[in-house]
Trainee: 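Please read through the structure below; I'll follow up with questions.
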Amino acid sequence: MTEAILLVGGKGTRLRPLTVRTPKPMVPAAGVPFLTHQLARARAAGVEHIVLATSYLAEVFEPYFGDGSALGLHLEYVTEHEPLGTGGAIRNVAERLHSGPDDPVLIFNGDILTGLDIPALVDTHRTAGADVSLHLTRVEDPRAFGLVPTDATGRVTAFLEKPQTPEEIVTDQINAGAYVFNRSVIDTIPAGRPVSVERETFPGLLAEGAHLQGMVDSTYWLDLGTPQAFVRGSADLVLGRAPSPAVPGRRGERLVLESAEVAGDAKLSGGTVVGARAVIGAGARIEGSAVLDGAVVEEGAEIRDALIGAGARIGARTVLDGAVIGDGARIGADNELRGGIRIWCDADIPAGSVRFSSDQ
């Protein structure tokens, strides 16, 4: 058995207002909390025991997932009361692992949607005899990521954080946020203080001569750190572009949960998801968007690439393009919100009062 650690403690600051009341991994994507997709994919790959490293709004996770038996998993929860970074969080849950010193432990970041071949990463780790193995992916513009160059055998040669000049961009391979650690390596991470695996653990291991192996897997990969990326990831799950056994329905242009109400002449496309108890009014047009539980979209509204929080209400004929509407917000009729604008939870915008694009 391979066991895993899921890092789900981040505050999700870049995703606000979606994460004001909900931890990032619990924000719904394609009809279920995003974390459900990660857990289901891990189980499909043969993982049975997962420890969740929680922090921000930690009390939300266990009431929803319980012991994990509904997903065929054994779940445990460890909460860090002060931020410990990625490495510190890994070390903080080590005592809950059952693995022996030479056994592999999978580690996943809680905000990455990926089609990674998990068994292949574990096999690569074992075949290479590595201490740590990393999932790498290739991106066109790597400046926002940590670069991970490798030699001809896939062995990692350096870690380069967020290069800015052309001379610094020596590879298009980036750290994709999934790892295999030998259990003994986890035990060497300093306990009780913040540690970054990207800036401290990995470079330190490399300097000590440890074997760090990279596996390039260029299947679907998306960092869900921004609202726009999160909406895109949800739509890709509905469309079937991103793989998950946890999508609660058939893949296609739309996913409407059973208790939602959608008017017969409303048009939903582009991977739009309509959550439980949500209501979509007559003539509404919604493309590539997520309407969360209990939200209401009134007649004639036009919505594209937007996320509408739980219990929010969008007035008649209002236009949303790339907008993020917080839980419980009320947007009156005949408004126009574009360009990535974010409306905070419980905000109340009167009818016909806003025509706004964040790039104006």
Side-chain angles (χ1 to χ4, degrees), residues 17-18 27-34 37 227-242 244 246-343 345-358:
L18 304 180
V27 176
V32 295
F34 173 66
H37 299 290
Q228 291 73 27
F230 200 96
V231 171
R232 176 184 160 195
S234 177
D236 284 348
L237 283 161
V238 174
L239 291 165
R241 295 172 181 167
S244 170
V247 176
R250 295 179 60 184
R251 287 152 181 80
E253 288 292 313
R254 53 187 261 174
L255 172 65
V256 178
L257 272 63
E258 287 186 4
S259 56
E261 298 179 22
V262 178
D265 62 347
K267 183 177 181 181
L268 311 178
S269 62
T272 288
V273 58
V274 179
R277 303 176 308 283
V279 177
I280 310 299
R285 299 289 184 266
I286 307 178
E287 178 184 352
S289 299
V291 181
L292 301 190
D293 292 359
V296 175
V297 176
E298 295 183 3
E299 64 272 12
E302 298 182 14
I303 298 169
R304 181 175 181 271
D305 298 337
L307 195 148
I308 300 170
R313 190 176 194 95
I314 309 303
R317 299 171 303 281
T318 282
V319 175
L320 304 180
D321 191 340
V324 181
I325 310 300
D327 295 348
R330 300 178 67 87
I331 313 299
D334 301 305
N335 283 296
E336 185 174 328
L337 293 86
R338 300 180 182 272
I341 186 172
R342 306 188 193 196
I343 304 300
C345 298
D346 298 322
D348 192 344
I349 296 179
S353 62
V354 177
R355 287 187 177 274
F356 180 82
S357 171
S358 65

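Remember, it's a predicted structure, so these values are computed and weren't measured experimentally. One-based numbering along the sequence shown.
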Trainee: What are the two closest heavy atoms between Pro28 and Phe230, and how far apart are they?
Mentor: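 Scanning both residues completely, I find the closest heavy atoms to be O-CE2, 3.2 Å.
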Trainee: With Ile286, which of Ile280, Ile314, Leu320 fulfils side-chain contact (heavy atoms from CB on, under 4.5 Å)?
Mentor: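 Exactly one candidate clears the test, Ile280.
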Trainee: Can you tell me how far the CD atom of Glu253 sits from the CG atom of Leu239, to the nearest 0.5 Å?
Mentor: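 CG of Leu239 is found 6.0 Å from CD of Glu253.
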Trainee: Which heavy-atom pair separates Leu237 from Ala30 by the least distance, and what is that distance?
Mentor: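 Nearest pair, atom of Leu237 first, then Ala30: CB-CB, 3.6 Å.
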Trainee: Treating Asp334 as the side-chain partner and Ala351 as the backbone partner, does any N or O pair qualify as donor plus acceptor under 3.5 Å?
Mentor: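 A pair under 3.5 Å: no.
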Trainee: Are any side-chain N or O atoms of Asn335 and backbone N or O atoms of Ser353, one a donor and one an acceptor, separated by less than 3.5 Å?
Mentor: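 Yes, the answer is positive, given that a donor and an acceptor are paired below the 3.5 Å cut-off.
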Trainee: Roughly how far apart are Ser289 OG and Asp305 CG, rounded to 0.5 Å?
Mentor: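 Here the interatomic distance stands at 6.0 Å.
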Trainee: Kindly give the heavy-atom pair with the smallest separation between Thr318 and Ile331, and that separation in Å.
Mentor: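 Thr318 and Ile331 have their closest heavy atoms at CG2-CG2, 4.1 Å.
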Trainee: Answer whether the closest heavy-atom distance between the side chains of Leu255 and Thr272 falls below 4.5 Å.
Mentor: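 Of all side-chain heavy-atom pairs linking Thr272 with Leu255, none is under 4.5 Å.
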Trainee: Check the surroundings of atom CZ in Arg342: do more than 12 heavy atoms from other residues, nucleotides or ligands lie under 6.0 Å from it?
Mentor: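 Yes, because the 6.0 Å sphere around CZ of Arg342 holds more than 12 heavy atoms from other groups.
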Trainee: Do Ile308 and Ile303 touch side chain to side chain, with heavy atoms closer than 4.5 Å?
Mentor: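 Result yes, sub-4.5 Å side-chain heavy-atom pair found.
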Trainee: Tell me, do Val262 and Leu268 make a side-chain contact under 4.5 Å, heavy atoms counted?
Mentor: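 The answer is yes, as the side chains (C-beta and beyond) meet within the 4.5 Å cut-off.
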Trainee: Over all heavy atoms of both residues, which pair between Glu298 and Ala284 is shortest? Give the atoms and the distance, please.
Mentor: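 It is O-CB, 4.2 Å.
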Trainee: Does atom CZ of Arg285 have more than 12 heavy-atom neighbours from other groups under 6.0 Å away?
Mentor: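 Buried by this count: over 12 neighbours within 6.0 Å.
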Trainee: Tell me whether Asp327 contacts the main-chain N or O of Cys345 through its side chain, where contact means a donor paired with an acceptor under 3.5 Å.
Mentor: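 Here the side-chain-to-backbone pair does not exist.
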Trainee: Once you round to the nearest 0.5 Å, how far does CZ of Arg317 lie from CD of Glu336?
Mentor: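 Rounded to the nearest 0.5 Å, the CZ-CD separation comes to 13.5 Å.
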Trainee: Between CZ of Arg277 and OG of Ser259, what distance do you get to the nearest 0.5 Å?
Mentor: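 Taking CZ in Arg277 and OG in Ser259, the distance rounds to 5.5 Å.
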Trainee: I need the minimum non-hydrogen distance between Pro17 and Val324, along with the two atoms involved.
Mentor: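 So the two residues come closest at CD-CG1, 4.0 Å.
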Trainee: Can you name the residues that form a salt bridge (Lys or Arg N to Asp or Glu O under 4.0 Å) with Asp321, not counting sequence neighbours?
Mentor: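 Asp321: salt bridge (Lys or Arg N to Asp or Glu O under 4.0 Å) contacts with Arg304, Arg338.
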Trainee: Could you state the interatomic distance from CD (Glu287) to NZ (Lys267), rounded to the nearest 0.5 Å?
Mentor: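 Rounded to the nearest 0.5 Å, the CD-NZ separation comes to 8.0 Å.
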Trainee: Looking at every heavy atom in both Val32 and His37, which two are closest together, and how far apart are they?
Mentor: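 Heavy atoms only, the tightest pair is CG2-NE2, 3.3 Å.
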